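These figures come from a predicted structure and were not determined experimentally.
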Amino acid sequence: MLSFFEASLTQLSIHRVGNKTLDEHYILSEQPLHLGDELLPKLLMQYFLTPFEKVNEVYRLNHSSGDRRLNELYHFVQLFFEGETDFHSVSQQITKHLYESSNHPKIKAGEVYIAQFEQVQLEGEILRGVGIFKSETKETYLKVYPEQGAFKVDYEEEAINIHKLDKGCLIVDTEKEEGYKVLAVDQTNRQNEAVYWKDDFMQVTVRNDSFHQTGNLMQVCKTFVNEKLEEAFEMERADKIDLLNRSAAYFKEKDVFQLDEFSEEVLGNPEAITLFKDYKASFEEAHDLAIGDGFEISGQAVKKDSKIFKSILKLDKNFHVYIHGKREYIEKGFDDEKGKNFYKLYFEQES
């Protein structure tokens, strides 16, 4: 998704943000960091941008009112991209906005890095961007070095691991009218902090592209088979797994999703088809989504989400049977003598 092989870090301002609800304050630096050292920018680029290489979802800056111009982050970044204010002033405004968004008692204080990048490649475009990063987790590092025919050991507390970025977002200067292209990471994975970073500070919504549509439709299929169908039909677990396998095969083998084609090839049963289409519509309404009835299938989304189609048949605590196809080769029965259920599996060879 993101490549920064030819990118450069051209400006960097560092500030500190405390937790507003705990009466901690923010500290603004008076000037940007001097990047004269040759190694430091490379290390910082690795720290800031490496986590985005595996990010597939693209976001848009938005606002609850529907007018994205009221989004503070959008406003500040636009001023900089259009040359109406200097970088360091924008970094200070962004830091103040982040502080005002820190309204949960469990949010940790930390350093905030506002960076300007040139020559960042995203979806085939070479672009400039503004990155906002926050470090909250500090670690202790040992340093071993030779001295007078022996070795000495020293340490540094409250240091930052450049392989563990806590939070970050990258806003690239393209598609301004749609809210720019935005990438986001949150490595802390705490519910309250996820809301604070993406919802309160950034105010982003996911771009409704093929990656997002594919992932959402796969989630619809999973929950429909595992929950909704069971309400309408009596289905054995093996039948559910077979249906999930056929759903997964459709997404892996097709280039384009077509609702009617999928319904006929995977579901087949007219009553089940009607239930699925109704369930899809209710899912879109409940989650404020527009998946669509036809879209290009994203191979990246299929690879990422195919694991949700679990094909494991768990039998008590004794056996796990992995079913990959050929539902007709599995028979279920009940043994009166033993008083237990059983499955009969047909196969040609074992390995």
Side-chain donor-acceptor contact under 3.5 Å, D260 with S263: no
Any side-chain donor near an acceptor of the partner, N19 and T21, under 3.5 Å: yes
Nearest atoms (heavy-atom pairs only) where A184 meets K198: CB-CE, 4.0 Å
CD/E139: more than 12 non-hydrogen atoms of other groups inside 6.0 Å: yes
Between K181 and Y59, a side-chain donor and acceptor under 3.5 Å: no
Pair N216-H212, side-chain donor/acceptor within less than 3.5 Å: yes
Aromatic ring proximity, centroids under 6.0 angstrom, F257 and F262: yes
pair T50-I162: side-chain heavy atoms closer than 4.5 Å: no
Mutual orientation of the aromatic rings belonging to F133 and F117 [parallel < 30°, tilted 30-60°, perpendicular > 60°]: perpendicular
Stepwise side chain to side chain donor-acceptor pair (under 3.5 Å) check, Q203 with E72: CA-CA 9 Å; Q203 299 183 70; E72 290 90 340; 3.3 Å; yes
Working for side chain to side chain contact (heavy atoms under 4.5 Å, CB included), residues K143 and Y155: CA-CA 6 Å; K143 182 178 180 181; Y155 64 91; over 6 Å; no
S135 and Y113 side chains, donor-acceptor separation under 3.5 Å: yes
Charged N-O contact under 4.0 Å between D173 and R128: yes
Pair Q121, Q119: side-chain N/O donor-acceptor within cut-off below 3.5 Å: no
Exercise: identify the closest heavy-atom pair between E57 and F211: CG-CE2, 3.3 Å
Sub-6.0 Å ring centroid separation between Y26 and Y99: yes
Salt-bridge present (K106, E136; N to O < 4.0 Å): no
Salt-bridge present (K176, E178; N to O < 4.0 Å): no
E175 and R60 ion-paired at < 4.0 Å: yes
Parallel, tilted or perpendicular, as decided by the 30° and 60° cut-offs, for the rings of Y180 and Y74: tilted
Non-hydrogen atoms of I273 and G268 that approach each other most closely: CD1-O, 3.8 Å
Carboxylate-amine/guanidinium proximity below 4.0 Å for E261 and K254: yes
Charged N-O contact under 4.0 Å between R16 and E111: yes
Salt-bridge contact E284-K280 (side-chain N to carboxylate O under 4.0 Å): yes
